Amino acid sequence: MRIPTVALIGKPNVGKSTLFNRYAGKRISIVDDAPGVTRDRIYSMCQYRDHKFHLIDTGGITLESGEFNKDIKIQAELAIDEADVIVFIVDGKTGLTVEDDIINEMLRKSNKKVIVAINKIDNKLAKENIYDFYKYGYDDYISISSEHGDNTNNLLELIISNFDNIKDIEYDSSILKFCVIGRPNVGKSSLVNAILNEDRLIVSNTPNTTRDSVDTPFKYDGKEFVAIDTAGIRKSGKVYENIERYSALRSLKAIDRSDVCLLVLNVEEGIIEQDKHIVGYALESGKAVVIVVNKWDKTEKTMKEFEKEIRNNFAFMPYAQIVFLSALTKKRLHTLMPEVLRAYENWNKEIQTSPLNNVIHDAVSLNQPPSYKSKRLKIYYVNQIGTQPPKFLFQVNDKNLIHFSYERYLENKIRESFDLIGTPIILVFKNRGEK
């Protein structure tokens with residue numbers, strides 16, 4: 001099942017960001033008494049018990065005029081659209097307001113699951129106002145204090161109780177699913193169209209024309225695939241000029257559902273920090289990655305020059321293969337799918353124990369681990385314990401002696417001996433005899 005999404009919605013200063021930070025386990029959102037300080041939606045991956053979910057914080061919806069507040073309303077609407085479960089946070093201290101009524105109308109139109117969280121119950125006046133909110137007629141109400149944590153775990157229980165009803169498209173495990181991720185207007189939809197050899201998706205020179213992620217099953221060389229084109233947001237006007245920042249969650253969702261991620265770069269615009277953020281989530285999720293440099297016919301740079309630039313910027317994933325092509329002219333398009341297949345096969349690769357141990361034994365003989373306080377790491381045995389991505393267990397004398405530089409050395413030696421292009425690998429160290 002896909003990872004659900006929970007959105008926190010409400011007017012300004014009701015405690016959304018305080019609750020978000022409590023659930024995220026770190027102070028990501030700005031918390032301030034001034035209304036409207038959380039202008040942007042902010043995302044976090046959260047876990048409670050055995051359940052993972054995306055959490056969205058939003059700016060407070062207010063009646064005040066101005067482009068700022070209009071922008072906040074648009075962001076909140078996007079968050080509502082993304083969410084599987086909505087937590088409508090109201091202020092028990094101030095009681096019902098016209099703004100709450102307006103938000104209620106938005107939520108009613110969404111037909112999404114809504115939980116009303118009446119915040120600030122630590123205030124005496126709040127306890128008198130609680131029942132006023134029951135006029136909205138939702139099934140679930142809960143009184144909380146996001147600041148002091150009262151009932152916040154009970155709210156989590158209520159949230160996750162709705163996850164079992166979330167359905168998603170399911171594909172056979174043998175079907176390779178890849179998503180196309182990247183900034184708006186780098187040519188993601190054009191690339192999918194080129195692969196499919198037909199115009200199934202909307203293609204436009206205006207960023208953010210793909211409204212939702214689009215799944216397209218197809219066959220290539222007799223094998224079944226599903227291409228997932230990640231969405232932008234279709235908006236116009238200067239109030240929306242930076243709205244592409246708010247489509248990030250759709251990329252995260254697509255990555256969760258995929259086996260291989262294609263990071264598309266626009267050679268004309270170069271590499272920016274946002275590209276690293278997008279692919280960083282794919283890395284954290286353990287997905288195979290292929291880097292696609294699009295619009296290659298539009299530059300005077302050589303492949304060697306641009307590859308060096310990519311390697312410098314994406315030093316954290318040197319295993320990702322780089323493909324240069326033009327989706328528009330289909331130049332070098334034939335080089336892409338073989339690399340997608342290769343990354344997928346390596347992501348699922350199983351390496352026999354005997355040759356794996358031989359590689360590690362030779363690596364240790366060539367370069368002994370550094371000693372620490374007169375103790376030296378000893379590696380007794382290595383075996384693969386998982387795939388997607390490949391995971392290797394090292395049984396050692398003292399796992400606390402492993403240094404990150406030596407761990408990287410061992411990873412490099414494994415990669416030199418076995419084709420693991422396109423996939424991350426995980427090294428786990430365990431003391432011999434440890435359960």
Side-chain angles (χ1 to χ4, degrees), residues 6-24 27-42 55-66 68-81 83-159 161-162:
V6 179
L8 306 180
I9 303 291
K11 65 187 179 187
N13 206 27
V14 293
K16 295 186 301 297
S17 296
T18 304
L19 187 65
F20 178 90
N21 291 335
R22 180 173 290 279
Y23 287 163
R27 292 179 64 86
I28 299 173
S29 287
I30 302 165
V31 180
D32 193 287
D33 287 335
V37 295
T38 309
R39 180 173 183 178
D40 298 339
R41 287 184 299 156
I42 302 176
L55 185 65
I56 315 178
D57 190 17
T58 62
I61 301 169
T62 173
L63 289 175
E64 293 176 14
S65 60
F68 180 91
N69 293 311
K70 199 182 293 182
D71 196 13
I72 288 175
K73 185 172 182 288
I74 290 295
Q75 294 167 42
E77 287 172 344
L78 296 174
I80 291 168
D81 188 47
D84 298 297
V85 178
I86 297 166
V87 180
F88 178 16
I89 304 178
V90 294
D91 189 334
K93 184 178 176 182
T94 60
L96 273 172
T97 65
V98 176
E99 288 162 329
D100 292 319
D101 290 339
I102 290 171
I103 294 166
N104 173 58
E105 287 301 315
M106 291 173 61
L107 298 181
R108 284 291 180 194
K109 291 175 184 176
S110 74
N111 293 317
K112 298 292 181 74
K113 173 62 184 178
V114 176
I115 299 167
V116 180
I118 305 165
N119 195 23
K120 306 183 184 179
I121 58 161
D122 46 314
N123 180 277
K124 183 180 178 181
L125 184 60
K127 294 175 182 177
E128 298 174 5
N129 291 328
I130 284 175
Y131 296 102
D132 292 344
F133 296 98
Y134 279 71
K135 79 164 192 174
Y136 292 143
Y138 293 105
D139 293 332
D140 294 310
Y141 288 80
I142 185 168
S143 300
I144 66 166
S145 170
S146 59
E147 184 174 357
H148 298 107
D150 299 349
N151 261 355
T152 52
N153 276 1
N154 291 335
L155 174 56
L156 281 172
E157 294 285 354
L158 199 52
I159 289 169
S161 69
N162 289 281

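For clarity, every value in this text was computed on a predicted model and none was experimentally measured.
The CD1 atom of I121 lies 14.0 Å from the NZ atom of K93; values are rounded to the nearest 0.5 Å. Here CG of D140 is found 4.5 Å from CG of L158. Values are rounded to the nearest 0.5 Å.
You'll find the side chain of I9 stays beyond 4.5 Å of the side chain of M106, heavy atoms only.
The shortest non-hydrogen separation linking K11 to E99 is CD-OE1, 3.9 Å. Listed here is the closest heavy atom pair of S145 and N119: CA-OD1, 3.4 Å. The two residues K112 and D81 come nearest to each other via the heavy atoms NZ-O, 3.0 Å. Residues Y138 and L107 share a closest heavy-atom pair of OH-CB, 3.6 Å. The two atoms that bring A7 and A83 nearest to each other are CB-CB, 3.7 Å, heavy atoms only.
Among N151, I118, T152, I159, the one residue that satisfies the side chain to side chain contact (heavy atoms under 4.5 Å, CB included) test with I142 is N151.
Y136 and D100 share no donor-acceptor pair across their side chains, judged by distance under 3.5 Å alone.
At a threshold of 4.0 Å, the pair K16-D57 does not count as salt-bridged, since none of the basic side-chain nitrogens sits closer than that to a carboxylate oxygen.
Between Y134 and Y141, the ring planes lie parallel to each other; the angle is under 30°, not in the 30° to 60° tilted range.
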